[in-house]
Amino acid sequence: MTQISPAQTQDEQQGTQGAQGRNPGTAAKPAGDKSLYGGVRSRRVTVRDIAAAKARGDKWPMLTAYDAMTASVFDEAGIPVLLVGDSMGNCHLGYESTVPVTMDEMTLLSAAVVRGTERALVVADLPFGAYQEGPVQALRNATRLVKEAGVGAVKLEGGERSADQIKLLVDAGIPVMAHIGLTPQSVNAFGGYPVQGRGEEAAQQLLRDAKAVQDAGAFSVVLEAVPAELAAEVTRTLHIPTVGIGAGLDCDAQVLVWTDMAGMTKGRVPRFVKQYAQLREALGGAAKEFAEEVVSGTFPAAEHTFH
Ligand SMILES: Nc1nc(=O)c2c([nH]1)NC[C@@H]1CN(c3ccc(C(=O)N[C@@H](CCC(=O)O)C(=O)O)cc3)CN21
Ligand SMILES: CC(C)C(=O)C(=O)O
Ligand SMILES: [Mg+2]
């Protein structure tokens with residue numbers, strides 16, 4: 001459908017896949033987004049592919065992943081961008097929020113997601129405290145995620161306040177996804193997770209934040225929990241893609257936390273979540289059935305037994 005550039009064809013022939021390249025090989029048929037791959041599925045999605053998608057007006061999906069096996073499921077399903085979100089704090093590591101997540105935890109789980117995937121662009125969050133001290137700290141920690149985990153890009157929260165960090169990372173050759181609107185690492189300052197950008201003043205600030213991250217060189221920007229009309233205006237204004245979560249239908253891409261999307265999350269999920277499966281129920285049911293069969297002596301059966 002889309003023309004393959006000479007550079008892409010060469011990548012394909014040589015099988016070179018950049019910093020993330022490993023496990024090249026046969027691919028299951030992706031059922032998800034195809035446009036971002038531009039017809040080439042033998043290498044990783046790159047930030048150039050993302051820029052081309054906006055130019056074509058193609059929408060794309062992003063999911064979080066925190067382990068190799070789940071990441072491989074999404075990679076095979078054709079999800080072109082996977083985020084090792086600091087939402088691993090509450091969704092994988094058992095913390096109350098994203099705030100306690102460390103660089104060691106991010107690095108370990110990001111490396112697992114890279115190992116579990118062949119084609120997705122893997123983006124890792126810089127956790128709270130890993131970039132607030134300034135651009136040099138941000139570069140040191142982003143470099144660690146690129147070198148030790150093999151991610152293709154990093155994400156950090158904040159608009160104007162994080163522009164200097166974004167600039168230095170981009171200058172150093174690390175692609176940056178920005179994140180504005182509701183920035184969950186500021187939960188203690190927000191006093192919860194309220195919708196952002198309501199009212200004229202807040203809307204103007206969000207537009208300034210969006211322009212600041214684009215000017216700093218971000219390749220895309222997450223808009224979290226902002227009114228749809230404002231997100232649409234940001235999406236029209238910017239030349240980089242907007243990735244919405246609770247930001248309406250007019251963003252260039254959409255992201256959800258995978259445990260929310262699959263019905264695995266315990267308890268209440270945010271209003272912007274759609275559950276496409278009921279994994280919590282399914283997995284709990286399997287565990288109960290296993291338990292019952294052990295207690296009743298019906299598992300293991302003959303076919304599970306050696307003699
Ligand atoms: N499981 C999960 N899903 C997420 O989307 C997510 C995380 N965890 N952790 C990191 C941040 C935190 N986020 C959140 C968390 C809660 C709401 C929430 O409960 N929103 C309320 C409205 C809140 C209010 O107005 O006070 C809602 O009803 O959606 C929103 C975003 C988004 N991110
Ligand atoms: C919700 C997404 C955008 C995120 O930052 C995360 O999962 O940590
Ligand atoms: Mg995050």
Side-chain angles (χ1 to χ4, degrees), residues 60-67 70-71 74 79 81-103 105-106 109-110 113 120-132 141-142 145 151 153-159 162 176-199 202 213 218-228 231 241-248 251-277 279-280:
W60 46 274
M62 177 164 96
L63 283 173
T64 67
Y66 315 113
D67 67 278
T70 310
F74 300 149
I79 303 294
V81 187
L82 291 177
L83 173 66
V84 189
D86 59 353
S87 51
M88 69 170 61
N90 54 296
C91 296
H92 193 76
L93 296 173
Y95 298 131
E96 287 268 331
S97 73
T98 65
V99 171
V101 174
T102 66
M103 273 301 299
E105 290 163 341
M106 281 299 320
L109 302 197
S110 297
V113 169
L121 171 65
V122 178
V123 183
D125 261 335
L126 280 173
F128 180 63
Y131 59 99
Q132 281 80 356
N141 286 315
L145 289 168
V151 303
V154 302
K155 181 164 82 56
L156 52 79
E157 295 183 5
S162 298
V176 177
M177 180 180 284
H179 182 160
I180 62 175
L182 173 53
T183 49
Q185 290 173 12
S186 304
V187 58
N188 294 315
F190 286 139
Y193 301 100
V195 171
Q196 300 295 302
R198 284 205 171 126
V213 300
F219 75 89
S220 60
V221 56
V222 169
L223 307 180
E224 178 163 350
V226 300
T242 58
V243 186
I245 175 165
C251 296
D252 298 299
Q254 297 287 333
V255 57
L256 283 176
V257 165
W258 91 259
T259 53
D260 295 345
M261 179 279 304
M264 183 71 178
T265 302
K266 187 177 181 178
R268 240 189 104 264
V269 291
R271 171 181 149 86
F272 52 69
V273 169
K274 179 173 177 182
Q275 297 184 321
Y276 289 86
L279 271 203
R280 195 174 183 84

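Note that the numbering runs from 1 along the sequence shown for the chain. This structure is a prediction, so every number in the text was calculated from the model and none was measured. We count ligands from 1, going down the list as the structure has it; atoms in each ligand are counted the same way.
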Mind checking how many protein N/O/S atoms fall short of 2.8 Å from the Mg ion (ligand 3)?
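For the Mg ion (ligand 3), the figure is 2.
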Name the closest protein heavy atom to [atom], giving the residue it belongs to and the distance to 0.1 Å.
atom: atom 28 (O) of ligand 1; value: R268 NH2, 2.9 Å
atom: atom 13 (N) of ligand 1; value: E224 OE2, 3.5 Å
atom: atom 9 (N) of ligand 1; value: N90 OD1, 3.2 Å
atom: atom 23 (C) of ligand 1; value: Y193 O, 3.1 Å
atom: atom 7 (O) of ligand 2; value: S87 OG, 2.5 Å
atom: atom 8 (O) of ligand 2; value: D86 OD1, 2.8 Å
atom: atom 6 (C) of ligand 1; value: V257 CG2, 4.0 Å
atom: atom 25 (O) of ligand 1; value: P194 CA, 3.9 Å
atom: atom 11 (C) of ligand 1; value: P184 CG, 3.4 Å

Does a donor on one side chain sit under 3.5 Å from an acceptor on the other, for [X] and [Y]?
X: E105; Y: Y66; value: no
X: D86; Y: Q185; value: yes
X: S97; Y: N90; value: no

For atom 5 (O) of ligand 2, state which one of K155, E157, E224, M177 supplies the nearest heavy atom.
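Of the listed residues, K155 has the closest heavy atom.
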In Å and rounded to the nearest 0.5 Å, what is the [atom1] to [atom2] distance from [X] to [Y]?
X: N141; Y: L126; atom1: CG; atom2: CG; value: 6.5 Å
X: M103; Y: F128; atom1: CE; atom2: CZ; value: 15.0 Å
X: K155; Y: S220; atom1: NZ; atom2: OG; value: 9.5 Å
X: F190; Y: Q196; atom1: CZ; atom2: CD; value: 4.0 Å
X: L256; Y: M261; atom1: CG; atom2: CE; value: 7.5 Å

Within the structure provided, determine whether [X] and [Y] are in side-chain contact (heavy-atom separation under 4.5 Å).
X: V84; Y: V123; answer: no
X: V113; Y: F74; answer: no
X: Q275; Y: V269; answer: yes
X: L82; Y: W258; answer: no
X: P227; Y: R198; answer: yes
X: V101; Y: M88; answer: yes
X: H179; Y: V221; answer: no

If you count the atoms of ligand 2 from 1 in the order shown, which ones are under 4.0 Å from a heavy atom of [X]?
X: T64; answer: 7 (O)
X: H179; answer: 3 (C), 5 (O)
X: G85; answer: 6 (C), 7 (O), 8 (O)
X: L83; answer: 2 (C), 3 (C), 4 (C), 5 (O), 6 (C), 7 (O)
X: I245; answer: 1 (C)

Can you name the atoms of ligand 1, numbered from 1 with element, that are less than 4.0 Å from a heavy atom of [X]?
X: C91; result: 1 (N), 2 (C), 8 (N)
X: R271; result: 27 (C), 28 (O), 29 (O)
X: T98; result: 10 (C)
X: F272; result: 5 (O), 30 (C), 31 (C)

Answer with side chain, backbone, both or neither: which part of V187 has a heavy atom less than 4.0 angstrom from an atom of ligand 1?
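The answer is neither.
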Determine, using heavy atoms of D260 and all atoms of ligand 1, whether some pair is separated by less than 4.0 Å.
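Within the 4.0 Å threshold, so yes.
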May I ask you to check whether D125 has an N/O atom sitting below 3.5 Å from an N/O atom of ligand 2?
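Yes; at least one N/O pair falls below 3.5 Å.
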Based purely on interatomic distance, does Y66 place a nitrogen or oxygen under 3.5 Å from a nitrogen or oxygen of ligand 2?
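By distance alone, the answer is no.
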Smallest separation among heavy atoms of V257 and C91, with atom names
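Looking at all heavy atoms of both residues, the closest pair is CG1-SG, 3.6 Å.
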Of the options V151, L83, L145, which is the one that meets V122 in a side chain to side chain contact (heavy atoms under 4.5 Å, CB included)?
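The residue from V151, L83, L145 that satisfies side chain to side chain contact (heavy atoms under 4.5 Å, CB included) with V122 turns out to be V151.
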